[in-house]
Amino acid sequence: MNVNAMRYLISESVLMLGRRKGSNIISIVIMGLSLLILVVFLLVTLNISRIIEATREEHRVYVYLEDGLAQNVSQAIQLRLLGSEGIEEVIFISKEEALARFREALGENRDILEALEENPLPDEYRVKLRPELIRSDFMGRMASEIEGWDGVEEVRYGRRWLERGETLVRGFYIVDLCIGAIIFLSVIFVISNTVRLMVISRRKAIDVMKLVGATNAYIQVPFIMEGALQGIFAALLAVGLLVLIYLFGTRYLSGLVFLDPGAVVGFIVFCALLGALGSFTAMRRFLKM
Amino acid sequence: MNVNAMRYLISESVLMLGRRKGSNIISIVIMGLSLLILVVFLLVTLNISRIIEATREEHRVYVYLEDGLAQNVSQAIQLRLLGSEGIEEVIFISKEEALARFREALGENRDILEALEENPLPDEYRVKLRPELIRSDFMGRMASEIEGWDGVEEVRYGRRWLERGETLVRGFYIVDLCIGAIIFLSVIFVISNTVRLMVISRRKAIDVMKLVGATNAYIQVPFIMEGALQGIFAALLAVGLLVLIYLFGTRYLSGLVFLDPGAVVGFIVFCALLGALGSFTAMRRFLKM
Amino acid sequence: MKAAEKRIVIGVYHLSRSFGKYFALQDINLQVANGEFVFLVGPSGAGKSTLLRLIYMDDFPTTGQVVVGPYVSTRMKRSTIPFLRRRVGIVFQNFRLIDERTVFENVALAMKVTGAGMSEIKRQVTDILARVGLYHKRYDYPPVLSGGEQQRVAIARAVANRPAILLADEPTGNLDPVVTKSILELLFKVNAAGTAVLMATHDIDLVRSFGQRIIYLEEGRIVRDKEMIFVGDLRERLPDSKVSRRADDLEGYDISGEGSGNGVERGPRE
Amino acid sequence: MKAAEKRIVIGVYHLSRSFGKYFALQDINLQVANGEFVFLVGPSGAGKSTLLRLIYMDDFPTTGQVVVGPYVSTRMKRSTIPFLRRRVGIVFQNFRLIDERTVFENVALAMKVTGAGMSEIKRQVTDILARVGLYHKRYDYPPVLSGGEQQRVAIARAVANRPAILLADEPTGNLDPVVTKSILELLFKVNAAGTAVLMATHDIDLVRSFGQRIIYLEEGRIVRDKEMIFVGDLRERLPDSKVSRRADDLEGYDISGEGSGNGVERGPRE
Ligand SMILES: Nc1ncnc2c1ncn2[C@@H]1O[C@H](COP(=O)(O)OP(=O)(O)OP(=O)(O)O)[C@@H](O)[C@H]1O
Ligand SMILES: Nc1ncnc2c1ncn2[C@@H]1O[C@H](COP(=O)(O)OP(=O)(O)OP(=O)(O)O)[C@@H](O)[C@H]1O
Ligand SMILES: [Mg+2]
Ligand SMILES: [Mg+2]
């Protein structure tokens, strides 16, 4: 393809976008608003999974020590814990402190503890794991291992809560994925068909180009580039509106995070490809004479 | 408008839908998939608020009785509770039963109760309220009133949980409303502009009709009826797909509910109006000559 | 024809139409009486189509006035334009057929919009399609028709409604001499039944042979308005030398009111 | 012209084209040599446009074969059709201009698709628009042009590329006699420079006066193929009686190869 051909393709693409501004803008806005639904969904999912992640990070493993343990044994356990795989932090909590915390946690029911004569709670280590290891299978294995150590009476890691939470989070992700898939497919379909309607409305011009001897590539490329440009403008529109929504949202919900810049760029590239592909498939029908 | 005019309008509308099947189907599918996003969102919102409602119904008010109360006094309190505004059900729970339940609720922490020498819990009435009255303001008033009764030691209604839950639910509804509004506006926009693209692509036919002496109403009505029909078909498509999604969903989530028939009919009517309105506004531009 | 019988159906007074600085028409004055047959002749770009467009009020003068029957361009409301159009049959230079509709439906459209009855439409459209020799193509769509066939569909649509005025822009441009003759025959017949006809053409030779009133347009001005010198049924003037194979199709055409209404005086209905 | 010099540029052999049961063309045989000027005459619906469409391979025969230069309809790959089209200039009966592009862009399009350079395009398009008398309308869009002006744009586009073969379908249908003459003059000039021209028309009178080869088509069959009886520059045969006011526009047209290439032998490029 020579220089003239390149210049032709570029000038054609610019010409196309310039004329028919009206319906171009309509398609860009249709595409942009469809994409907005998609990115809002992504933003919501992102923030919810951040919250889930934060909750997961709060999770601790409780290592209860035998009663009346010598301090050096207790410290040896702490060192051994710190040396174990996946453990990030180990905090010692004495039996007195534990009771105080329990009392507080019981809230309105705390008077039940008034009937206690002595502190039935043991000393404990609160162990923080690396977040990605907070899974019932890994923690189960770790707990039974640590329970075998000298001086350790029991290890608890909230198995029931953890399992319940895992089911819940998995359920959320399944539902989220389903909704996401529906939105994604709908948006792709809407966009590619919007581009298709545009191409159909230019059928006459395409026919003329064929009749004056344009090759299929020469006809297609400007349309495909136009589709890509429409996709990019639509993506920018969607991202722009999302920023507004985000700014509005942060006034009500603190700690809201935005899509990271890489994702935004990827999204725009994706939309460009989507527009190009919509044009391409729409063209193919006509060019088969 | 005479009989001939009516026949003309009907035959024109049918003609229009029949021809150009291709692009008609494209617009119906664009509209249908956009609407699908909307109805999926509605279905999800409906089911989540059902869950919230169910949780709310589980909420109870606990009326603790003084220790060693005579049975007739206790029964008088029960009768008085049953006679109070908004109370649906009153269940008696003895102190022994309460301790057993508490032990169970503590789960892994239950050994703490082993240090107890006697049952510190009182007898209680669990009171179920009408769901719409489960609001912290009403329950606060009710609790302080009942606390004044003879033989009642204390009334608890999980104030902190209730308030926290109320904040959470309110937060959910705000986010839900925002997303819903975005989806709704996007869908409306996509649909009305899809119809508009269709009308634009028929501009030539509209011009011809004007030139042979058709009044604006005669030109518009078939287009508006076509828009309405497209809206109806799109709505049926969306509802059909939603039914499939619902059937798929019930295999994984029991207790899922579907939109009620009235809402479905309302939705279809709404889509018909939407299509008609899209046609109408698109036409107006051309008919201003 | 005595002056007393004459009624002006088209009046154009001091009309100019400019596009930007370019004057497509300048100080045009002309009158067409009921039942007249007028040729509008001029080179390409003279302004013939523009003048016709101003008469059917698809466009409005920059200055001056157009009067068509009771309708005056300067006092025209948008909502009454359709009723003007129903009294005026128009053959467009570029045909303006609807591609998605069959030949039959295209012709029927002009009648449908007036609120005519189905059976009347069917009878009249069938009749007129037979006359232009396209009855066998009635279920075809315009894009598959030949140029001449499309032109005849456009003519059929224009006369289907038995209009009081017929504006024909180059109605024989795509037609061979034989069909041209039969179409002229049809137009003359429509005229003989009382319809005023204003036909734009560049074919001066064709036009001269009838000795009919000719308005010469050049660069937007009327350079000559040759008065009518022949009155009567113009068909007598058709050249006999070219034998019309399709002339039979046009026999028996009678527009003078045996149908459901008097085509000439049909007013707006709703 | 001796047989040895003749090279067949268009060959049509035992060609039929039917649409359903209807035969638009039946057993057509004809050959056009390089540099020939042939009129294709026939009444409306005879099949002229259909025949031309088969030659530029927008449609294919039901039976039989079309051969255009090195391209054979029965062995045609879809991807080579554009290269055939670049050697064939086409004036469509319904113009087929792109409404969203200016006159200049419409004409330039035919050159652009061949990969011609910008400056060459600009020079050539300016030149050809001046010749058809539309240079002052180069920035206008087709919908605002008069019928005749649109037709001239279509002609300009067809010859812009200096094609080896020119197919013209009713190229003077919307033109007045004066412009018709100047357009014919242009076509003759293109022909004199070596382009074979096949021009469909219904205007038998116009065509007869040149004494050129005429193929008569009727109801899909060739009823007569009058052999060429005049050889030389056809412009000498143009009637002098009608003085062309626009003839000056066409003076000095020379297509014979002073431009960037020999228009006749231009092959496909990429
Ligand atoms: N809307 C418009 N904008 C700009 N110029 C216009 C417009 N309409 C017409 N013209 C110009 O006015 C002139 C007269 O056009 P018109 O179509 O009336 O010519 P005509 O006599 O019908 O010619 P032909 O025989 O070729 O059809 C032309 O030069 C045309 O380009
Ligand atoms: N795609 C098609 N489908 C059906 N019929 C067709 C098709 N194309 C052409 N025809 C028919 O074939 C016949 C010949 O058409 P064609 O356009 O070749 O005529 P023509 O000689 O160019 O006439 P004109 O002088 O009126 O342009 C016509 O009757 C037309 O209706
Ligand atoms: Mg004109
Ligand atoms: Mg033809």
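Convention: sequence-line order gives letters A, B, ...; per-chain numbering from 1. All values below come from the heavy atoms of this structure, side chains included, with hydrogens, waters and symmetry mates left out.
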Can you find a heavy atom in the side chain of B/Ile182 that is under 4.5 Å from one in the side chain of A/Ile245?
yes
When rounded to the nearest 0.5 Å, the distance separating OG of B/Ser186 from CG of A/Leu241 is 8.5 Å
For A/Thr194 and B/Ile30: C-alpha separation, side-chain torsions, deciding distance, then whether side-chain contact (heavy atoms from CB on, under 4.5 Å) applies.
CA-CA 8 Å; A/Thr194 304; B/Ile30 290 185; 4.0 Å; yes
Does atom CZ of A/Arg50 have more than 12 heavy-atom neighbours from other groups under 6.0 Å away?
no
So do B/Leu185 and A/Leu33 actually touch side chain to side chain, heavy atoms under 4.5 Å?
no
Taking side chain as everything from C-beta outward and backbone as N, CA, C, O, which of these in A/Ile191 sits under 4.5 Å from a heavy atom of chain B? Side chain, backbone, both or neither.
neither
Quick check for you: among A/Phe41, A/Phe248, A/Phe189, which has the greatest number of heavy-atom pairs under 4.5 Å with chain B?
A/Phe189
Identify which part of A/Val190 has an atom lying under 4.5 Å from any heavy atom of chain B, answering side chain, backbone, both or neither.
both
Leading residue by heavy atom contact count with chain A [cutoff under 4.5 Å; candidates B/Val187, B/Ile37, B/Val29]
B/Ile37
Engaged part of B/Ile174 at the chain A interface, taking heavy atoms whose separation is under 4.5 Å:
neither
With a 4.5 angstrom heavy-atom cut-off, is it the side chain or the backbone of B/Leu36 that approaches chain A, or both, or neither?
side chain
